[in-house]
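Read the structure below first, then the notes.
This structure is a prediction, so every number in the text was calculated from the model and none was measured. Start at 1 and go down the list; that is how both ligands and their atoms are numbered. Only this structure's heavy atoms are used, side chains among them; waters, hydrogens and symmetry mates stay out.
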Amino acid sequence: MSQAILLTPGPLTTSARTKEAMLSDWGSWDVSFNQLTASVCNDIVQIVNGQATHVCVPMQGSGTFAVEAALGSLVPHTGKVLVPSNGAYCQRIARILSYQKKNVVVLEHAEDEPASPDRILAALIADPGITHVAMVHCETSAGILNPLHDIALVVAAQKRHLIVDAMSSFAAIPIDLTTTPIDALIAASGKCLEGVPGMGFVIVRQDVLESAKSNSHSLALDLHDQWIYMRKTGQWRYTPPTHVVAALRSALDQFHEEGGVSARNARYQKNCGALVAGMRTLGLRTYLADDVQAPIIVTFHSPDHPNFQFSKLYEGVKAQGFILYPGKLTQIETFRVGCIGAIDAKDIFKVTEATARTLRDLGVISSI
Ligand SMILES: *Cc1c(COP(=O)(O)O)cnc(C)c1O
């Protein structure tokens, strides 16, 4: 079976070892599976140095399920949430809150502009009714990095709560909960931990979670209930994604063997640098300035040429074994290439070669 290499923001390319970890079946009540869950949660909290203050509550489903669980369980009905927005995942947070009939204030930014700590500070001072800030660390829509540490300090100084969607940054960009005050940090199995998709998790301050009983609008997404049950029994409340947890255990082992966050960050930085340099030699332009680009996914302007169509580029590159990703910006034509997953700069070099070949075949570029 041929294995395409995914240059996407998740699901990602996983290693053979991670895939092999899914060859056993696990009983959800069995003590060895409970130990597997506990060990995965333990490691996850340690990655961000939260063991003294935070607990990890896993949640079945894709990343959005965990975001929805966190917002539903941690923001009370009387809460009011400020959402600094520079992309689709920020907008999704606002949309989830409006489904939950909670008060939301969206602080709009341009899609190529990092969320501004100064503007957030001004908004918090102007409206003492705001109880929470909910933000995205790496906004995967454009691939922009938001200044989490500076925002966290502003929010803490104003004595408000901070909930962070760190879906595409967790394990790839350092976060230290002992120095960056965050109530809840949300991520998932199938992103930079390089597991398979199917399990989200919320790393949440234990005291915040303890006071979150009966907030939730939803039974299945009640984080507090999931945590209480898991503490009591060691089990998930409802059918766990057993194979996903087993794959994540293996992915975590490989993450530690690689050298943790700093090594993963270095590999992704290399991928990103090779990608941007290679694509620029083809005349392709990045959407973001280099200093706000996260080493996660890169947005490129579509070439301004009558022969260019993303679907044709996609098919041409796919025929050579690589899967690209469409753009997600509201105003302009773009496409995206991911830097994350079990891939290295050699793979990225092949992707840029495949892109060059396809653009030449389409007549978009003449030579390189
Ligand atoms: C991937 C991602 C999510 C979750 O998306 P799902 O499709 O539900 O897994 C949420 N936020 C960000 C920033 C993401 O990159």
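- For H256, the side-chain hydrogen bond (donor to acceptor under 3.5 Å, both in side chains) criterion is met by D43, not counting sequence neighbours.
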Table please: side-chain donor-acceptor pairs of residues 89-96 below 3.5 Å, with sequence neighbours left out.
unit_1: R92; atom_1: NH1; unit_2: T64; atom_2: OG1; d: 2.8

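- Using modelled atom types and a 3.5 Å distance limit, the side chains of Q293 and T286 yield no donor-acceptor pair.
- For K19, the side-chain hydrogen bond (donor to acceptor under 3.5 Å, both in side chains) partners two or more places apart in sequence, or in a different chain, are T14.
- A distance-only check finds a donor-acceptor pair linking the side chain of N146 to the backbone of V136 [under 3.5 Å].
- Listed by chain and number, S62, G63, T64, Y89, R92, V136, C138, T140, D165, M167, S168, K191 each place a non-hydrogen atom less than 4.0 angstrom from ligand 1.
- In this structure, D127 pairs ionically with K80, as a charged nitrogen and a carboxylate oxygen lie closer than 4.0 Å.
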